[in-house]
Amino acid sequence: MTRMVGSLKPLPAPFYDRPTTEVARDLLGTVLVHDTPDGRAAGRIVETEAYLRDDPACHAARGMTSRNEAMFGPPGRSYIYLIYGMYHCFNVVTAPSGVGEAVLIRALEPLAGIPLMARRRGTDKPKALCSGPGKLVIAMGIARVPNGSDLRKGPLLILPPESFPWHAGGGTPLRNIKVTTRIGITRAAHLPLRFYLEGNPYISRK
DNA sequence: AAACGGATGGGCT
DNA sequence: GCCCATCCGTTTG
């Protein structure tokens with residue numbers, strides 16, 4: 001009897017329609033997959049940050065603009081924006097439609113398509129491929145994924161940990177979740193809204 | 001190991 | 001004009 005291992009069944013819509021800090025914690029261990037003409041790349045989410053409606057560091061805190069429009073859309077969609085003129089950051093929209101919250105994906109543990117990631121990033125070092133929000137966007141090839149795309153429909157998908165075929169044997173074991181302040185911000189810098197898998201070697205920094 | 005500065009362009013006051 | 005949810009190479013301790 002064949003094991004039901006290749007189902008690639010994405011996280012269900014209600015997963016995202018919850019308080020953003022809960023989603024940020026629960027995204028740890030899930031798997032981001034992107035299929036392009038160049039092939040498949042996949043990595044396990046090991047570091048996230050929550051951005052909340054009444055949080056001055058959140059792009060949506062001062063109302064909707066053309067840039068942050070996707071943050072106010074349905075949960076479970078992408079919010080991707082240009083940062084520092086040369087990089088992009090990838091977020092998952094959370095909370096009910098219209099609220100304006102999201103989870104920044106800050107680091108992945110590479111699982112599949114590692115040679116493709118290495119080509120995109122211009123380095124062979126595994127720990128340099130996806131250990132930062134700008135890096136993982138390059139490695140996964142998601143800079144050109146449209147804003148607001150549905151993460152349950154692809155080509156960019158988020159899967160539960162157990163449904164990923166390459167998960168067994170490849171990954172670092174899940175450990176405790178560590179909570180710290182967020183990285184690279186000045187406003188609301190004291191809030192404990194960064195989450196990562198303690199001891200995982202692929203996080204952006206301790 | 002940590003600190004620093006340059007690259008580079010859109011958004012916002 | 002200044003501010004960035006960054007990264008990388010170089011310099012300094």
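In the text below, chain A, chain B and the rest are named by the order of the sequence lines, each starting its count at 1. What you see below is based on every heavy atom in this structure, not just the backbone, and it leaves out hydrogens, waters and symmetry mates. A quick note: this is a predicted structure, and the numbers were derived from the prediction, not measured.
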Side-chain N,O (A:R187) to OP1/OP2 (C:dC4) below 4.0 Å: yes

Note, A:V33 side chain near A:L156 side chain (heavy atom, < 4.5 Å): no

Spacing between A:Y81 atom OH and B:dC12 atom P, to the nearest angstrom: 13 Å

Base-pairing mate for B:dT8 - Watson-Crick or G-U, with both contacts under 3.5 Å: none

Nearest-angstrom distance from the residue atom NE2 of A:H190 to P of C:dA5: 17 Å

Rounded distance (Å) that lies between atom P of B:dG10 and atom CG of A:N68: 17 Å

Sugar-phosphate, base or nothing in reach of A:R194, heavy atoms under 4.0 Å: nothing

Spacing between A:I105 atom CD1 and C:dT6 atom P, to the nearest angstrom: 14 Å

Among C:dC8, C:dA5, B:dC12, the one nearest A:T65 by side-chain distance: B:dC12

Nucleotide C:dC4, atom P - distance to CD1 of A:I183 in whole Å: 16 Å

Pair of N/O donor and acceptor under 3.5 Å linking B:dA7 base with A:Y84 side chain: no

Touch class at under 4.0 angstrom, heavy-atom based, for A:G85 against every strand present: base

Nearest-nucleotide pick for A:R121, side chain only, options being B:dG10, C:dA5, C:dC7: C:dC7

Criterion side-chain hydrogen bond (donor to acceptor under 3.5 Å, both in side chains) on A:S204 and A:S131, from CA distance to verdict: CA-CA 4 Å; A:S204 67; A:S131 54; over 6 Å; no

Polar side chain donor-acceptor pair, A:Y51 to A:E49, under 3.5 angstrom: yes

Contact nearer the 5' end of DNA chain C, comparing A:N91 with A:A128: A:N91

Nearest-neighbour nucleotide for the A:Y87 side chain, C:dT6, B:dC12, B:dG10 considered: C:dT6

Gap between atoms CD1 and C1', on A:I80 and C:dT6 respectively (whole Å): 16 Å

Minimum-distance pair of heavy atoms, taken over all atoms of A:H190 and A:T181: O-CG2, 3.4 Å

A:R44 (side chain) donor-acceptor with A:L111 (main chain) under 3.5 angstrom: no

From C:dA5, B:dT8, C:dC7, nucleotide with atom closest to A:K135 side chain: C:dC7

Selection from B:dG11, C:dT6, C:dC8 that lies nearest to any side-chain heavy atom of A:R67: B:dG11

Sugar-phosphate, base or nothing in reach of A:T186, heavy atoms under 4.0 Å: sugar-phosphate

Whole angstrom value for the distance that separates P of B:dG5 from CE of A:M86: 18 Å

Rounded distance in Å - CD1 (A:I83) to P (B:dT8): 16 Å

